[in-house]
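Just so you know, these numbers use all the heavy atoms, side chains as well, and skip hydrogens, waters and symmetry mates. The sequence lines fix the lettering, A, B, ..., with proteins before strands; numbering per chain opens at 1.
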Amino acid sequence: MNRHRALRRALIEWYDRNRRDLPWRRTRDPYAIWISETMLQQTRVETVIPYYEQFLRRFPTIQALADSDPDELMERWAGLGYYRRARNLRAAAVKIAHEHDGRLPEEVDELRGLPGVGRYTAGAVASIAFDRPAPIVDGNVRRVFSRLFEIREDIGSAPVVARLWEEAAELARGARPGDLNQAVMELGAVVCTPRTPRCQACPVARRCGARAAGDPEALPIKKTRKAPREVVSVAGWVARRGRWLAARRPPVGLLGGLWEMPGGDLEAGETPEEAIGRALRERLGLVVKEVRPLGSVSHQFSHRSLELHVLEAAVAEGRVRRAGYDAHRWLSRRAFGALPLSAIAQKAIGLASDPR
DNA sequence: AAATCGGGGAA
DNA sequence: TTCCCAGATTT
C-alpha cells in the first residue's frame with residue numbers, strides 16, 4: 001500500500017538520525033539480540049542495560065547458556081523480574097544446542113517453537129537479527145498505531161489486535177524490516193509517549209489521525225484493570241549456631257527459583273506470630289519456641305499488594321523436613337545476601353539485619 | 001478473554 | 001498515587 005511506503009520512508013529517515021545508542025544495537029549476534037529482546041519484555045531499556053551487559057559477559061554463547069548452572073543463572077537475573085524468562089532462556093538454549101545445531105533458527109515459526117519466544121520476540125529476532133520481513137507489535141507499536149490510524153476501540157480486543165498485526169506486517173514488508181520495526185518502537189519510546197506525546201518532534205505527525213483530531217493523548221483506549229489483591233505474609237529470621245535459614249521457592253509460580261527467608265501467607269483470623277509458627281512447621285517441620293517481631297515491609301506487584309511481617313523466630317533443635325520449598329541452607333548473613341533474592345526478600349533481610 | 005507473572009521509573 | 005513498560009503462557 002502507498003500509505004505504508006511513505007510511512008516507511010519517514011520512519012527510516014527519522015530513525016537513522018535519532019536512534020539511541022543501545023548496547024544491543026552495536027551487535028549483529030542473533031544470540032545477543034535474542035537475550036536483549038527477552039530481557040526487554042515488559043521491562044524498560046534503562047533497567048535492562050546493566051543486566052544485559054553482565055549476562056553476556058557471563059554467558060557469551062548459546063552453549064555457555066545451555067551449560068549454565070540454573071542457580072547462578074537466577075543470580076544474574078535477580079531483580080529483573082518475571083523469572084520464568086530466565087528458566088525459559090536456558091531451556092531454549094538447550095533445545096537449540098540439540099535440535100538446531102547450536103544456532104538460533106532464522107524463521108519466525110521455528111523461533112516460536114522455543115520456550116519463552118512468543119509472537120513479538122520471534123518477529124523481533126527474525127527481523128532484527130536475520131533481516132526477515134516479520135512484523136512485531138509491542139506496547140510502543142500499539143500506542144503509535146492506535147494514534148496514527150486513530151483506532152478508537154479497546155486496544156486489547158481481538159479484532160483490533162488483528163488489525164495491528166496486519167498494519168505491522170505491511171510496514172515490515174519494506175527494506176530494512178528490523179530497522180523499520182525498531183523505528184516504530186523508538187518513536188513510541190521517545191516521541192509518541194503515553195501521557196504527553198511530543199507531536200512537534202514526530203516525523204509522521206502530518207499523517208496522524210489522533211493528531212488531526214486533537215487528542216493523541218486519549219489513545220490508545222484500554223480496559224481498566226482490576227485492583228491488585230491485598231495479601232499479608234510473614235517471613236521468619238531463623239538462626240541456628242550463628243547461621244540463618246534460607247529457602248528456595250519452587251521453580252514455577254511467583255518468584256520461582258528465588259531464595260528468601262521462609263514464611264507464608266496469613267490465613268483468615270491469624271496473627272503474624274501464629275502464622276510464622278504454622279508456616280515454619282508446615283513447610284520446614286520446625287517447632288517455633290519464641291517469636292519477636294522485627295517490623296514489616298510492603299511491596300507492590302502488578303497483580304498483588306503485599307505486606308510482609310518479618311519475625312525473628314527461635315526454633316527447637318530438630319531436622320528440617322521440607323514441604324513447599326525446593327531447597328534450604330543455613331548461611332551466614334553475607335552468604336544469604338549473595339543468594340538470588342527478590343526485591344521483597346532483600347527488603348526483608350534489610351529489616352532483619354538492621355531492626356528498628 | 002482473563003489471570004498470572006516483577007520491578008521500577010515517570011508523571 | 002497511577003501508569004506501563006521492545007510479553008509469554010496458562011486457564
message: Stem list for DNA chain C, please, built from Watson-Crick and G-U wobble pairs under 3.5 Å and keeping only runs of at least 3.
response: B:1-5 with C:7-11, B:7-11 with C:1-5
- prompt: Rounded to whole angstroms, how far apart are CG on A:L22 and P on C:dC5?
  reply: 17 Å
- request: Report which part of the nucleic acid A:A189 touches: base, sugar-phosphate, or nothing (heavy-atom distance under 4.0 Å, all strands).
  value: nothing
- request: Using a 4.0 Å heavy-atom cut-off across all strands, classify A:T196 as base, sugar-phosphate, or nothing.
  value: nothing
query: A:L89 CG to C:dA8 P: how many Å, rounded?
result: 12 Å
query: Would you find a donor on one side and an acceptor on the other, under 3.5 Å apart, between the side chain of A:R240 and the backbone of A:A316?
result: yes
- prompt: Can you tell me how far C1' in B:dA3 sits from the matching atom in C:dA6, rounded to whole Å?
  reply: 22 Å
- prompt: Taking the six-membered ring where the residue is Trp, are the ring centres of A:F55 and A:Y51 under 6.0 Å apart?
  reply: no
field: Spacing between A:I155 atom CD1 and C:dC5 atom C1', to the nearest angstrom
entry: 15 Å
- request: Before accepting this row, confirm whether a basic side-chain N of the pair A:D215/A:R152 lies closer than 4.0 Å to the acidic partner's carboxylate O.
  value: yes
- prompt: Between A:Q42 and C:dG7, does any side-chain N or O lie under 4.0 Å from OP1 or OP2?
  reply: yes
- prompt: Reckon A:T38 touches a base, only the sugar-phosphate, or nothing at all at heavy-atom distances under 4.0 Å?
  reply: nothing
- prompt: How about A:H4 and A:E167: does a side-chain donor come under 3.5 Å of a side-chain acceptor?
  reply: yes
- request: Answer with yes or no whether the side chains of A:T121 and A:Q41 bring together a donor and an acceptor at under 3.5 Å.
  value: yes
- request: Applying ring pair (Phe, Tyr, Trp, His ring centres under 6.0 Å), name anything that partners A:Y120, two or more places apart in sequence or on another chain.
  value: none
For atom CD of A:Q41 and atom P of C:dC5, their distance in whole Å: 14 Å
- request: May I ask you to say what A:W24 touches in the nucleic acid, namely base, sugar-phosphate or nothing, with a heavy-atom cut-off under 4.0 Å?
  value: base
task: Rounded to whole angstrom, note down the C1' distance from C:dA8 over to B:dG9.
output: 23 Å
query: Within the structure shown, what part of the strands sits under 4.0 Å from A:G188 by heavy-atom distance: base, sugar-phosphate, or nothing?
result: nothing
- prompt: How would you label the contact of A:R25 with the nucleic acid (heavy atoms, under 4.0 Å): base, sugar-phosphate, or nothing?
  reply: base
field: Same-atom distance (C1') from B:dG6 to C:dC3, integer angstrom
entry: 15 Å
- prompt: For DNA chain B, which nucleotides open and close the run of contacts to chain A, 5' to 3', at under 4.0 angstrom from a non-hydrogen atom?
  reply: B:dA1 to B:dA11
- line: Whole-Å distance, A:Y120 OH to C:dA6 P, equals 9 Å
message: Under a 3.5 Å cutoff, is there a donor and acceptor pairing between the side chains of A:R322 and A:H328?
response: yes
message: Heavy atoms only, 4.0 Å cut-off, all strands: where does A:A343 land among base, sugar-phosphate and nothing?
response: sugar-phosphate
query: What is the nucleic acid contact for A:K347, judged by heavy atoms within less than 4.0 Å: base, sugar-phosphate only, or nothing?
result: nothing
Donor-acceptor pair between A:R143 and A:N140 side chains, under 3.5 angstrom: yes
query: Any donor-acceptor pair under 3.5 Å joining the side chain of A:R119 to the base of C:dA8?
result: no
field: Rounded distance in Å - CD1 (A:I49) to P (C:dA6)
entry: 11 Å
message: For A:E186, is there an ion pair with A:R19 - N to carboxylate O distance below 4.0 angstrom?
response: no
field: Nearest-nucleotide comparison on DNA chain B, the residue closer to the 5′ end among A:T47 and A:R195
entry: A:T47
- prompt: Within this structure, what is the CD-to-P distance between A:E46 and C:dC5, rounded to whole angstrom?
  reply: 13 Å
query: If you measure from the Lys or Arg side-chain nitrogens to the Asp or Glu carboxylate oxygens, is any gap between A:E317 and A:R241 under 4.0 Å?
result: yes
query: If you look at every strand shown and take non-hydrogen atoms under 4.0 Å, does A:V48 touch a base, only sugar-phosphate, or nothing?
result: nothing
Cationic N near anionic O, under 4.0 Å, A:R229 to A:D265: no
message: Both A:V137 and A:R44 contact DNA chain C. Which one's nearest nucleotide lies toward the 5' end?
response: A:R44
message: Which is more 5' along DNA chain B, the nucleotide nearest A:K223 or the one nearest A:H303? Just name the residue.
response: A:K223
Along DNA chain C (nearest heavy atom to each residue), the more 5'-positioned of A:E37 and A:R112: A:E37
- prompt: For A:L80 and C:dC5, what is the distance between atoms CG and C1' respectively, to the nearest whole Å?
  reply: 12 Å
